[in-house]
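Just below is one structure, and these are the notes that go with it.
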Amino acid sequence: MNSTRRQAQKEQVAIAALEFVRSDMVLGIGTGSTVNCFIDALAASGKHIEAAVSSSEATTGLLKSHGINVKELNLAGTLDLYIDGADEFDPYRRLIKGGGGALTREKVVTAASRKFVCIVDESKQVGVLGKYPLPVEVIPMARSFVARQLVAMGAQPELREGFETDNGNLILDVHNMDLVDPVGVEKKLNNLPGVVTNGLWAIRPAEVVLMASDEGVREFSE
Ligand code: 5RP
């Protein structure tokens, strides 16, 4: 898919997600180019939200540039809704996320939210997760140890060069991880000392995926 079509789909799905937003909400907001379209669409819609809880410094910057009030999660309690993108989604709305490196805060805000509406263009749809390299955030001193454990699991970790997360950590992009059992892999990675977060959303998939295509926006939910 060329970049103009993809951009048009991102803008289309961003507008569709506005349907889920109520004016009195404290809304969780993710990170990435699709979410940036959503923030722009939210600002342009004139819909007023009480505040947003942001998943990254980049998102916080864009929200503030639109005059949207940003609230710390510690002061917000449970959120009704979280809107974020993904790098892949499967038929069970399980995701790979973290291409933008914001996976840890994204997973925290997901967990703090009652409903996660994931917004994607059609290039993100897969039958089985795993073509996109799986991001794993690690504390710097554990980088090599965790990489060896990933190799022992049959995968090929690659350090994301020149990148530091908002939490001061590193990202290993993991190629060729067998993800036929994504829940099992997510649990296993969660248990590796030195791993902060992995980019699998399988234990808690998105409740709704909105996918834009040239035929319109399709909703996947239970
Ligand atoms: C950032 C993410 C993003 O949601 C994911 O990378 C998709 O980004 P984009 O909307 O730019 O394709 O998980 O950490």
Side-chain angles (χ1 to χ4, degrees), residues 7 10-11 13-14 17-18 21 25-45 47-88 95-113 115-121 124 132-143 146 158-174 189-190 194-201 204 206:
Q7 181 60 26
K10 287 178 184 184
E11 289 168 13
V13 78
L18 290 173
V21 177
M25 273 180 167
V26 178
L27 180 64
I29 301 190
T31 301
S33 56
T34 316
V35 164
N36 289 347
C37 292
F38 170 75
I39 296 169
D40 291 342
L42 179 63
S45 73
K47 232 174 192 172
H48 177 268
I49 56 165
E50 189 184 313
V53 170
S54 166
S55 69
S56 66
E57 302 299 334
T59 290
T60 298
L62 184 58
L63 288 165
K64 286 187 171 169
S65 77
H66 282 298
I68 297 172
N69 183 23
V70 178
K71 194 168 188 173
E72 267 189 50
L73 181 64
N74 285 322
L75 304 175
T78 301
L79 309 177
D80 286 329
L81 180 64
Y82 179 54
I83 307 264
D84 197 0
D87 301 300
E88 282 185 354
L95 316 171
I96 287 182
K97 289 186 44 54
L103 61 161
T104 295
R105 297 186 189 192
E106 291 174 340
K107 214 174 239 191
V108 173
V109 185
T110 300
S113 303
K115 185 185 249 189
F116 174 11
V117 174
C118 181
I119 52 174
V120 290
D121 62 74
K124 309 293 180 69
Y132 193 91
L134 176 67
V136 176
E137 180 166 348
V138 295
I139 64 169
M141 62 80 75
R143 183 195 70 204
V146 172
E158 188 186 347
L159 180 66
R160 198 177 292 185
E161 290 290 347
F163 186 86
E164 189 184 285
T165 70
D166 286 347
N167 314 306
N169 294 318
L170 303 173
I171 299 278
L172 297 172
D173 289 307
V174 185
L189 295 178
N190 281 345
V195 168
V196 180
T197 310
N198 69 80
L200 278 168
W201 265 241
R204 161 84 190 271

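Positions are given from 1, in the same order as the sequence printed here. Just the heavy atoms: all of them, side chains too, but no hydrogens, waters or symmetry mates, feed the values below.
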Neighbour count >12 (heavy atoms, 6.0 Å) for atom [atom1], [X]:
X	atom1	result
K115	NZ	no
H48	NE2	no
K64	NZ	no

Looking at side-chain heavy atoms only, is the closest gap between [X] and [Y] below 4.5 Å?
X	Y	answer
L27	L79	no
D84	T110	no
L95	F116	yes
V26	V53	yes
P140	N169	yes
L134	L189	yes
I96	P135	yes
D173	I171	yes

Give the minimum heavy-atom separation between S56 and T31, together with the two atoms involved. OG-OG1, 2.8 Å
Can a salt bridge be assigned to the pair R105 and E57 using a cut-off of 4.0 Å between side-chain N and carboxylate O? yes
Under the rule for ring pair (Phe, Tyr, Trp, His ring centres under 6.0 Å), what residues qualify as partners of F38, not counting sequence neighbours? none
Does any N or O in the side chain of D87 come within less than 3.5 Å of the main-chain N or O of G98, such that one atom is a donor and the other an acceptor? yes
Got a sec, which residues hit side chain to side chain donor-acceptor pair (under 3.5 Å) with E50, two or more places apart in sequence or on another chain? none
Applying side chain to side chain donor-acceptor pair (under 3.5 Å), name anything that partners S45, two or more places apart in sequence or on another chain. none
One should read off an interatomic distance between N190 CG and T197 OG1, to the nearest 0.5 angstrom, of 8.0 Å
